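Note on naming: letters A, B, ... go to the chains in the order of the sequence lines (proteins, then strands), and numbering restarts at 1 for each one. Fair warning: this is a prediction, and the values are worked out from it, not measured in the lab.
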Protein chains: 2
Amino acid sequence: MPLKNTGTEQLIKDTAKRLLFAEGKLHATTQEIADAAGVNRTALHYYFRSRDLLIAAVFQEAMQGLSQRLDECMESEKPFREKIDHLITVFLKDMIAFPYQETFLITEINTLGKELMNNIQSGPVNNFLKQVQDEMEKGTIEKINPIHFLMNLFSLLSYPLIMAPLYRQLFQISGKDFNALINERKKMIMHMIFKED
Amino acid sequence: MPLKNTGTEQLIKDTAKRLLFAEGKLHATTQEIADAAGVNRTALHYYFRSRDLLIAAVFQEAMQGLSQRLDECMESEKPFREKIDHLITVFLKDMIAFPYQETFLITEINTLGKELMNNIQSGPVNNFLKQVQDEMEKGTIEKINPIHFLMNLFSLLSYPLIMAPLYRQLFQISGKDFNALINERKKMIMHMIFKED
DNA sequence: TTTTTATTTAACAATTTTGTTAAACAAAAA
DNA sequence: TTTTTGTTTAACAAAATTGTTAAATAAAAA
């Protein structure tokens with residue numbers, strides 16, 4: 001166990017996170033990760049014992065961070081509209097920084113132990129679904145299955161970012177213009193949800 | 001070039017397509033593909049020369065098929081509402097059969113030659129975007145940037161299927177129940193788009 | 001200073017994955 | 001039948017990737 005703490009362990013994790021979740025290099029080798037971090041490949045084994053354990057550590061750290069921030073949003077005492085607004089901001093920020101994070105989760109579920117999946121708590125989500133239901137009964141938002149409401153929200157936020165390379169090709173737009181497009185979406189999504197705006 | 005045509009070449013492609021795009025095994029080895037197809041691994045090299053060429057062939061075939069079907073939808077002479085209805089049906093069917101197809105495209109863009117990306121035609125899409133614009137001016141659908149309209153549509157269709165394993169865990173629902181949920185979506189999406197329904 | 005401890009590295013070994021060669025096999029053509 | 005052609009396979013080779021060992025280094029403790 002590290003006592004000196006030269007920051008190398010965290011550097012390796014952060015670098016792996018960047019390669020995997022930000023740049024989408026889903027099968028980055030240990031050599032590529034070591035090179036990107038500027039350390040010897042053996043350092044990866046020293047700190048994490050094996051590639052799989054490094055990946056698991058990175059994944060757990062990232063997932064825990066995101067789901068914690070989302071849970072905070074969902075459990076906050078804000079009025080519903082502000083709560084959604086905040087949730088969108090938090091989630092969108094994460095997606096822009098790490099667009100491949102969820103893709104990675106999905107495609108590596110088989111590889112990673114399923115125990116990691118089980119860490120995902122469904123408590124806060126279920127609570128939030130009930131709130132959504134309440135707002136529907138109040139008439140704030142359209143009446144649909146709250147699960148659809150949540151899936152719609154995440155879909156509208158995530159998918160265009162995941163598919164950015166494809167869409168830029170398809171619509172023939174530059175990276176700059178595409179970013180502008182993405183930044184329009186928060187407002188648009190709020191408008192779609194709260195129709196009376 | 002094959003003259004006898006024992007069906008092995010197509011069998012290998014279909015098997016690879018299933019593993020990669022349906023089961024999401026994005027780094028299936030040549031051995032795994034060969035085993036799943038019930039042929040010797042050397043047969044893969046006989047027909048495709050290398051793993052990369054096999055993958056490229058599978059990818060090109062799949063992408064060409066999908067974009068052809070979508071182009072047909074977009075260029076058809078149907079009234080707008082029916083056209084969207086049909087587009088949803090076609091796309092959803094493909095997504096249910098091969099939920100990892102687009103994910104694969106995105107994560108392997110770097111690996112695959114970018115020439116494959118350039119094959120994607122933007123003509124039919126641009127044409128369709130103009131039709132969407134027309135319908136907005138007619139008042140059939142809400143006025144937004146047509147690109148957002150299209151991204152929204154594909155997002156709502158694709159994302160829940162890509163994330164199925166995560167959502168099943170999060171909402172604690174069985175595969176059967178989740179399928180029922182997915183089948184509700186077509187109607188719901190039509191309702192979201194054509195609000196007066 | 002010497003000793004200890006944590007960290008980093010180079011050299012080596014093992015494993016996994018891909019690619020090649022040459023031979024066996026099967027079906028149609030000569 | 002023999003020959004030819006295409007197909008399939010086993011055995012081998014090469015490359016890429018991961019994992020291990022032991023030595024070098026550097027900083028704190030004795």
> In B/S/- notation, 5' to 3', how is nucleotides 16-21 of chain C contacted by protein heavy atoms closer than 4.0 Å?
Replying inline: -SBBBB
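A:K186 has a carboxylate O that lies under 4.0 Å from a charged side-chain N of A:D85, or vice versa, which qualifies the two as a salt bridge.
In this structure, A:Y46 reaches the C:dT7 phosphate: one of its side-chain N or O atoms is under 4.0 Å from OP1 or OP2. Close to C:dT7, at under 4.0 Å from its OP1 or OP2, lies no side-chain N or O of A:T8.
In this structure, A:Y47 atom OH and C:dT8 atom C1' are separated by 8 Å, rounded to whole Å. Rounding to whole angstrom units, CZ of residue B:F48 and P of D:dT7 are separated by 12 Å. When the C1' atom of D:dT18 is taken as reference, atom CD1 of A:I33 falls 12 Å away, rounded to whole Å.
By the side chain to side chain donor-acceptor pair (under 3.5 Å) test, A:S158 is found to be paired with A:E102, B:Y159, residues two or more places apart in sequence or in another chain being considered.
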> Yes or no on salt bridge (Lys or Arg N to Asp or Glu O under 4.0 Å) for B:E61 and B:K13, after CA distance, side-chain angles and deciding distance?
Replying inline: CA-CA 9 Å; B:E61 193 175 276; B:K13 275 200 278 190; 2.8 Å; yes
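Among the nucleotides D:dA10, C:dT8, C:dT9, the one closest to any side-chain atom of B:N40 is D:dA10.
Applying the salt bridge (Lys or Arg N to Asp or Glu O under 4.0 Å) test to pairs two or more places apart or on separate chains, those with a residue in residues 63-73 of chain A are A:R69-A:D94.
A continuous path of ILVMFWY side-chain contacts below 4.5 Å connects A:M190 to A:L87, so both sit in one hydrophobic cluster.
With ring centers used as reference points, A:F104 lies 6.0 Å or more from A:Y100.
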